[in-house]
Amino acid sequence: MATDSKGHTAPDIPRSLVERVPVTDTHERWLAEQERADAEKQFHDLLDAAPDAVLEINHEGKIVRANAAVRELFGYSPEELFLQPVEVLIPDELRSNHRVNRSVYESAPAKRPMGSGLDLYAQRRDGTRFPVDIVLSPIPTASGKFHTAAIVRNITHRKQEEILLREARTQAESANRAKSEFLASMSHELRSPLNTIMGYTQLLAEETIGPLNETQRRFVQNIERDSQHLRDLINDILDISRIEAGQLDLKREPFPLAPLLQEVVTSLQPMATERQVRLDNPEHCPATVVGDAFRTRQVVINLLTNAVKFTQPGGSVQIRSRSVHGKIAVSVDDSGIGIPAEHLTSIFDRFHQVSSTPKGVKEGTGLGLAITKKLVEQMGGTIEVTSELDKGSKFTFTLDGWIGADDAAIKVLVVEDEPRSAQLLDDYLSPEGYRVTICHNIEAALQAVAANRPQVILLDLLMPRQASDGLHLLKLLKAAVDTRSIPVVVVSVLEPSISPALTIGAAAHLTKPVHKQQLLDVLRRVVPAHENHPGG
């Protein structure tokens, strides 16, 4: 027995038992190792449960980790893929390009989809290939050389659905073209007999072959009025069918807007006077616009005619124009009956008639606004409407303003996240008379386009430090009606053969490094001829 300092005795503890009790530090390390082992097992279990293939690729392009899904997706076990080059999963003819793309990614790694906008394919062990989506993400390592995590998803079913939808859309477009061609043909066939009817009606109305009594004169006036209505209907059907069939070619040339507006107002004054509506002369409009003068006149006639028709006696109609970010906006305001809010989204649909005129009848064909919208959009503009019941409506459409020889230099927007590359383009262009604006990210570029519409955009595709890349901006620009006509020149390290920019709508694709004269030649080619080219 052992005795303590106070004389108390304590039982002896066997030495073997003391040796089996771990020291506190050793016990904590053992618990930490167990936790790490459990966490690592849970992590591997989570990876193996994922439906998509997950690969970890080292800086040499070799696979150092793969989850269980690779077996079903590629036909390899994770063990078989260990230290294999990742190109073993790439179709043979795409492997050289993939090595180039991998080196580009390694120069600026970031979490992003691989090959944004491209159709990507992978290859199974048996040589068959399938479409995939791939998301890349860099993984830091202790050595300082990052690895890359790649999540690979089989999108065969989605691609099949896209093909079916594309085929259905093609068939629908073909049917629509056939319908439009039929309507155009029928409209032409109707013109000949209608022309004869109207011609002889006018001869009767002139009474050159003999006087008409009051009843006969009334009959002739009814025939003439309804013939004109039928003629307008045929013209509208012919226009809408030509537009939808892609057979309506519009000119794109500069013309002064003020004389056109005044001419239309003068021609419609008798109609406004008859309906007791005040039609004001247009305000001073010094602008020159770019478009088709004949079709612009048709747009203005449609809008002013509708405004007069749907305005009560004693009301007013005004037409105004103003400059907005390089565009000329033309507005037609009336104090008429207005448009219900639920109809504003469908007001430009074919054959859509919202309500009766103040006289209680429905006038027109229901095609005028549909034609107006399509004509404006084909000329590169937009049209919109605001309205309030019993207070009136306002239709506003835009056309491109014209930069003449005495106006400002061509505005170039450079979208480049690398400051030195952006400055080089500025140094190329500013001494040549171009006015250059530089944006280092997508958000700033969108604001610059809206605030100060450029004549051309120089766009870098790879922006690894940004949330979105240049392809995203290109898609946004080409999807929006008011920016799709701006030429976009891609300036990128990517070769045109591996970039989808041209198919999305880029006007040209230059591969870095870009020479000054090469850039100037491309700008003179893609910017419309009416623009004042510096040094040209």
Side-chain angles (χ1 to χ4, degrees), residues 228 232 235-236 239 250-339 347-348 354 357-359 363-365 368-369 371-373 375-377 379-404 406-407:
Q228 290 173 350
D232 293 342
N235 287 339
D236 285 348
D239 278 344
L250 300 183
K251 296 178 181 178
R252 185 168 176 80
E253 57 189 13
F255 64 90
L257 185 60
L260 184 148
L261 299 181
Q262 185 60 62
E263 175 196 350
V264 175
V265 168
T266 301
S267 69
L268 293 179
Q269 281 292 357
M271 174 186 176
T273 301
E274 179 186 355
R275 293 174 180 252
Q276 302 176 42
V277 173
R278 189 181 79 250
L279 177 56
D280 294 339
N281 286 319
E283 298 174 354
H284 180 58
C285 176
T288 296
V289 296
V290 180
D292 189 304
F294 176 78
R295 294 300 179 178
T296 301
R297 183 177 185 274
Q298 182 179 352
V299 167
V300 177
I301 288 175
N302 282 346
L303 294 179
L304 280 178
T305 301
N306 273 359
V308 171
K309 284 180 181 178
F310 291 94
T311 298
Q312 306 92 329
S316 64
V317 175
Q318 297 176 319
I319 184 166
R320 300 184 177 92
S321 62
R322 68 187 190 281
S323 177
V324 183
H325 305 319
K327 293 271 192 178
I328 302 300
V330 181
S331 299
V332 174
D333 280 279
D334 66 63
S335 59
I337 61 177
I339 303 168
I347 191 70
F348 295 105
V354 177
T357 66
K359 293 182 179 181
E363 297 185 15
T365 63
L369 287 179
I371 293 171
T372 295
K373 183 174 188 292
L375 289 176
V376 168
E377 290 178 348
M379 288 188 286
T382 60
I383 186 167
E384 59 184 21
V385 58
T386 57
S387 186
E388 190 173 350
L389 280 178
D390 300 323
K391 292 188 177 181
S393 302
K394 179 179 181 179
F395 286 82
T396 303
F397 70 94
T398 63
L399 294 172
D400 283 333
W402 182 61
I403 297 180
D406 298 327
D407 290 301

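- With rounding to the nearest 0.5 angstrom, the CE atom of M271 is 11.0 Å from the OG1 atom of T273.
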Go through the steps for F348 and I383 under the test side chain to side chain contact (heavy atoms under 4.5 Å, CB included), then give the verdict. CA-CA 10 Å; F348 295 105; I383 186 167; 3.8 Å; yes
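- Distance check: E384 CD to T396 OG1 gives 5.5 Å after rounding to the nearest 0.5 Å.
- K251 has its side chain out of reach of R295: every pair of non-hydrogen atoms, C-beta onward, lies at least 4.5 Å apart.
- Closest heavy-atom contact between I319 and D280: CG2-O, 4.4 Å.
- Rounding to the nearest 0.5 angstrom, the gap separating the CG atom in L303 from the CZ atom in F397 is 6.5 Å.
- Put simply, CZ on R278 and OG1 on T311 are 10.5 Å apart, with the number rounded to the nearest 0.5 Å.
- Nearest approach of V264 to L304, heavy atoms of both residues: CG1-CD1, 3.7 Å.
- In this structure, S335 contributes its side chain and S316 its backbone to a donor-acceptor pair below 3.5 Å.
- No donor-acceptor pair under 3.5 Å is formed between the side chain of T305 and the backbone N or O of N302.
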Using the side chain to side chain contact (heavy atoms under 4.5 Å, CB included) rule, take V308 and R275 through it: C-alpha gap first, then chi angles, then the decisive distance, then the call. CA-CA 8 Å; V308 171; R275 293 174 180 252; 3.8 Å; yes
Could you give me the CA-CA distance, side-chain angles and deciding distance for V330 and L257, then say whether side chain to side chain contact (heavy atoms under 4.5 Å, CB included) is met? CA-CA 10 Å; V330 181; L257 185 60; 3.7 Å; yes
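- R322 places none of its side-chain heavy atoms less than 4.5 Å from the side chain of I328.
- Screening T398, L399, T296 for a side chain to side chain contact (heavy atoms under 4.5 Å, CB included) involving V289 leaves a single residue, L399.
- Between D333 and the options Q318, R320, K394, a side-chain hydrogen bond (donor to acceptor under 3.5 Å, both in side chains) holds for only R320.
- Here the closest non-hydrogen pair linking A293 and L260 is O-CD1, 3.4 Å.
- Q262 and P282 make their closest contact through OE1-CD, 3.5 Å (heavy atoms, listed as atom of the first residue, atom of the second, distance).
- Tested against F395, the residues V299, T372, L369 include a single side chain to side chain contact (heavy atoms under 4.5 Å, CB included) partner, L369.
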Please test D292 against R252 for salt bridge (Lys or Arg N to Asp or Glu O under 4.0 Å), starting from the C-alpha separation and ending with a verdict. CA-CA 6 Å; D292 189 304; R252 185 168 176 80; over 6 Å; no
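- Within the model, atoms CD of E263 and CG of L268 stand 10.0 Å from one another, a figure rounded to the nearest 0.5 Å.
- Not a single donor-acceptor pair under 3.5 Å links the side chain of S393 to the backbone N or O of S387.
- Atoms CD1 and CG, on I347 and N306 in that order, are 8.0 Å from each other to the nearest 0.5 Å.
- Across every non-hydrogen atom of V317 and V332, the tightest pair is CG1-CG1, 4.2 Å.
- Between I371 and Q298, the closest heavy-atom pair is CG2-NE2, 3.7 Å.
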